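Everything below concerns the one structure shown next.
Just so we're clear, the structure is a prediction, and the values are computed from it rather than from any experiment.
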Amino acid sequence: MPELPEVETIARGVNARVRGDQIVEAWFGSHREPFKNSPARQAKGLEGRTILEVHRAGKHIVCELGSVVSGSQAARGRDGQVEAEWIVHLGMTGRLLVTTPSNPVEVHTHARLTMASGREVRFVDPRRFGRLEFRDLKKGRRFHAPGAEPLAIAAAEFAVLFRGRKLAIKAALLNQTLLAGVGNIYADESLFRAGIRPRRAAGKLTRPELERLRLALVEVLQRAIRRGGSSVSDYVDADGVRGFFQLEHRVYQRTGEPCLVCRTPIRRLVVAGRSTHYCPKCQR
DNA sequence: ACAGGCTCCTGCAGGC
DNA sequence: TGCCTGCAGGAGCCTG
């Protein structure tokens, strides 16, 4: 399931391939609701625009778009003003692929963008937990992830996020309005590396524990980005290539297996409705 | 205001 | 072998 490192990997891959390219035609094939605004409105909004840049914000992929221009003008559209955004949330099983129109279209393909370069951008999502949104910045505001960026937040700011909160630290890490981009895998992995039990009340963690947690989170996220993300179900990057960080998971989906540090069997429990994995000896 | 739980959706694993 | 059940989970929504 795509979390920050997977979304970052995809955003970088898409950016490298379609930055400066123009959307010639947009096709939206779903009648049900992976869309925040109607498929017709999104298609109309996207067509003719140049993709100025693609980046990640929390778990969202944001495609910054220029104004609608004719073909000859599009070639010099790379540095234009951002006038619209296409925001992609992958949910659990969403994939954003850059391919060519001749490649077979797989089932659950909900959107296809034909690019002037001959490439094609596809959004595929079997479980339909993903979301697509078009924003015309003349009518609306730019997209911002609701929570803080875990890779950029300072120690003091990080500690303030959890102050006075009674909920489990694991649940707090998953709350996107506090930190944007952390999901189940990296919550479990960072808590293990910080030696903190997932059920501890967020507000009761000491300052040193919170700082250990922040540093563990940064380390695990950066390391995962370098490995191209974790492929645990069907995650692939913009080229359809799997990541490798799942090979470095120390607790996630290792229930009953020995802890890599102390050999104690890894335990599983449910926190905030999510399966949660931890070492009862290493995490206090 | 805040926290916890339910729901959406499909593919796959496990059990009988 | 084949069917059925249950589980996976991000985030919006509802409830207490």
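- Remark: A/Phe143 pairs with A/Ala57, A/His60, A/Val62, A/Glu85, A/Ile87, A/Arg135 by the side chain to side chain contact (heavy atoms under 4.5 Å, CB included) rule, at least two apart or across chains.
- When heavy atoms are screened at a 4.0 angstrom cut-off, A/Tyr186 is found touching no nucleic acid atom at all.
- Nearest-nucleotide positions on DNA chain B for A/Leu167 and A/Arg274 put A/Leu167 closer to the 5' end.
- Stacking of A/Phe129 onto the six-membered ring of C/dG9 is present: less than 5.5 angstrom between centres, less than 30° between planes.
- Side-chain atoms of A/Arg127 come within donor-acceptor range of the base of C/dA8, with a qualifying N/O pair under 3.5 Å.
- In this structure, A/Tyr252 and A/His249 have perpendicular ring planes: the angle between them is above 60°, well past the 30° mark.
- Side chain of A/Pro126, nearest nucleotide from C/dG10, B/dT10, B/dA3: B/dT10.
- Taking side-chain N and O atoms only, A/Lys166 has no distance below 4.0 Å to OP1 or OP2 of B/dG4.
- Under the side chain to side chain contact (heavy atoms under 4.5 Å, CB included) criterion, A/Glu106 pairs with A/Arg95, A/Leu97, A/Thr109, A/Val124, sequence neighbours left out.
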Worked check of salt bridge (Lys or Arg N to Asp or Glu O under 4.0 Å) between A/Glu209 and A/Arg200: CA-CA 11 Å; A/Glu209 284 175 326; A/Arg200 294 267 308 278; 2.8 Å; yes
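- The side chain of A/His108 places an N or O atom within less than 4.0 Å of a non-bridging phosphate oxygen (OP1 or OP2) of B/dG11.
- The side chain of A/Arg268 lies closest to C/dA8, out of B/dG11, C/dG9, C/dA8.
- Look at CD on A/Gln176: it is 16 Å from P on C/dC13, rounded to the nearest Å.
- For C/dC7, the OP1/OP2 oxygens have no side-chain nitrogen or oxygen of A/Ser275 closer than 4.0 Å.
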